[in-house]
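Comments concern the structure below.
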Amino acid sequence: MGRCKSCQKEAPTISGKIGFCAACLRRYGDEIAPEIAALHARTRKAFGLPEKAPQSEGGIPCRLCHHFCRLKEGEFGYCGVWQNQKGHLLGPNPQGAFVSWYLDPLPTNCVADFVCPGGTGEGYPRFAHLPGPERGYANLAVFYEACNFNCLYCQNWHFKLRSPSSPPVPTTKMFADLKEHVSCICYFGGDPAPQSPHALSFSRKALRLREGKILRICWETNGAENTPIIREMMRLSLNSGGCLKVDLKAFSEPIHQSLCGVSNAMTLKNFKVLVQMALKRPNPPALVASTLLVPGYVDEEEIEKIASFIASLSRDIPWSLLAFYPTFYLDDLPTTSRRHTEMALSIAKSYGLTRINLGNRHLLSEAY
Ligand code: SF4
Ligand code: SF4
């Protein structure tokens, strides 16, 4: 049970860690912003990550994501992977990255499995081996250990325990693990954004190695890459039968800032660009949106705004609504309730969205 420091309302869906309810965050966003920024700075400092994106005068620019960091000698970027070392920006390279990987048998618990070739056979025979779920095949799941967001409910927060001085992991063996039965590669994390040059380079080489055979390139991302980069990611997915899964975490800026510590402006801008690209290949869908139903915060107003945003671009973009599990700093909220999901599904339908999915159903609770 948390209490909003502004309106004094008490509810199980108010996080004591955030300290404010969604309505007050939206209403008094500017006044509350310094407190929210301090909260995120504290949670980053605990892991030795920069408290905010460095913008050092005369520093080396990094243009991979929405932060556009400028790093002076010795400084790390917001993501904690790129560092100015003696005037050079050092971090991942085509031979190595801050990464781990494994083979995941298909069909897998993938955000897009309700519409993708691996989960449904959509796109068979050009992009899928089978006309249904691709049993007997596998996804090469590539986990990038860094992120350009600071989500308080990160399910994979353990990557933050990596020491900043650890060297990149050689990725030659990733090619060896690209076995014949691997039919898709999915880059996730963390987020692929800060290490996108490595992912793009690996994808191009992998596609060359498997020329004429099925190998889909897919991404799970917060969508805040610099636009030319996310366009290139989409091009690889479009050509290979894969997809980009973009997390639309919240629509209102103060809610997004509170949950993720950063703005959603680049994500929304990129999403519009991606929809235009994705319309060139509607089946299997090249773009899939997802939203975690965070109790109390990703509420009716946020769902309505996200639904309206997607529908204004295309009603056929698949949207996966995911149930929330309390973890990391947001461990004082309940799991998503049935009432919350029913409300979200009904809003999505009211906007005429044609491909809606509910993920993580096993987490649904009867509470609140
Ligand atoms: S990838 Fe993004 S967060 Fe990391 S250094 Fe570059 S601009 Fe900054
Ligand atoms: S990685 Fe791509 S093709 Fe494979 S299961 Fe996930 S969305 Fe489907």
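When a ligand or atom number is given, it counts from 1 through the structure's own listing order. Just so we're clear, the structure is a prediction, and the values are computed from it rather than from any experiment.
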### Task
Note the single closest protein heavy atom to atom 6 (Fe) of ligand 1, along with its residue, its atom name and the distance in Å.
Cys62 SG, 2.3 Å
### Message
Taking atom CZ as the centre, does Arg231 end up with more than 12 heavy-atom neighbours from other residues, nucleotides or ligands that are less than 6.0 angstrom away?
### Response
no
#### Entry: Contact atoms of ligand 1, heavy-atom distance to His67 under 4.0 Å
3 (S)
### Query
Would Phe143 and Phe188 count as a close aromatic pair, with their ring centres under 6.0 Å?
yes
### Query
Is there an N/O/S atom in His66 at a distance below 2.8 Å from atom 2 (Fe) of ligand 1?
no
### Task
Please confirm whether Tyr187 and His198 have ring centers closer than 6.0 angstrom.
no
### Task
Please find out if less than 6.0 Å separates the ring center of His40 from that of Tyr329.
no
### Query
If we ignore angles and hydrogens, is there a donor and acceptor under 3.5 Å between the side chains of Glu75 and Ser56?
yes
### Task
Note the single closest protein heavy atom to atom 3 (S) of ligand 1, along with its residue, its atom name and the distance in Å.
Cys79 N, 3.5 Å
### Query
Does Asn270 reach the main-chain N or O of Glu225 with its side chain, forming a donor-acceptor pair under 3.5 Å?
yes
### Query
Would you say the side chains of Ser237 and Arg216 form a donor-acceptor pair under 3.5 Å?
no
### Message
Please confirm whether the ring centroid of Tyr325 lies under 6.0 Å from the ring centroid of Tyr153.
### Response
no
### Message
Please list the nearest protein heavy atom to atom 2 (Fe) of ligand 1 with its residue and the distance rounded to 0.1 Å.
### Response
Cys65 SG, 2.3 Å
### Query
Do Phe271 and Phe309 have ring centroids that are under 6.0 Å from one another?
yes
### Message
Suppose the cut-off is 2.8 Å; which protein N/O/S atoms would you list for atom 6 (Fe) of ligand 2?
### Response
Cys110 SG
### Task
Considering only non-hydrogen protein atoms, determine which one is nearest to atom 5 (S) of ligand 1 and report residue, atom name and distance to 0.1 Å.
Gly77 CA, 3.6 Å
### Query
Can you tell me if Cys69 has an N, O or S atom under 2.8 Å away from atom 8 (Fe) of ligand 1?
yes
### Query
Is Arg235 salt-bridged to Glu232, cutoff N-O under 4.0 Å?
yes
### Message
Could you tell me, atom by atom, which parts of ligand 1 come under 4.0 Å of a heavy atom of Leu64?
### Response
1 (S)
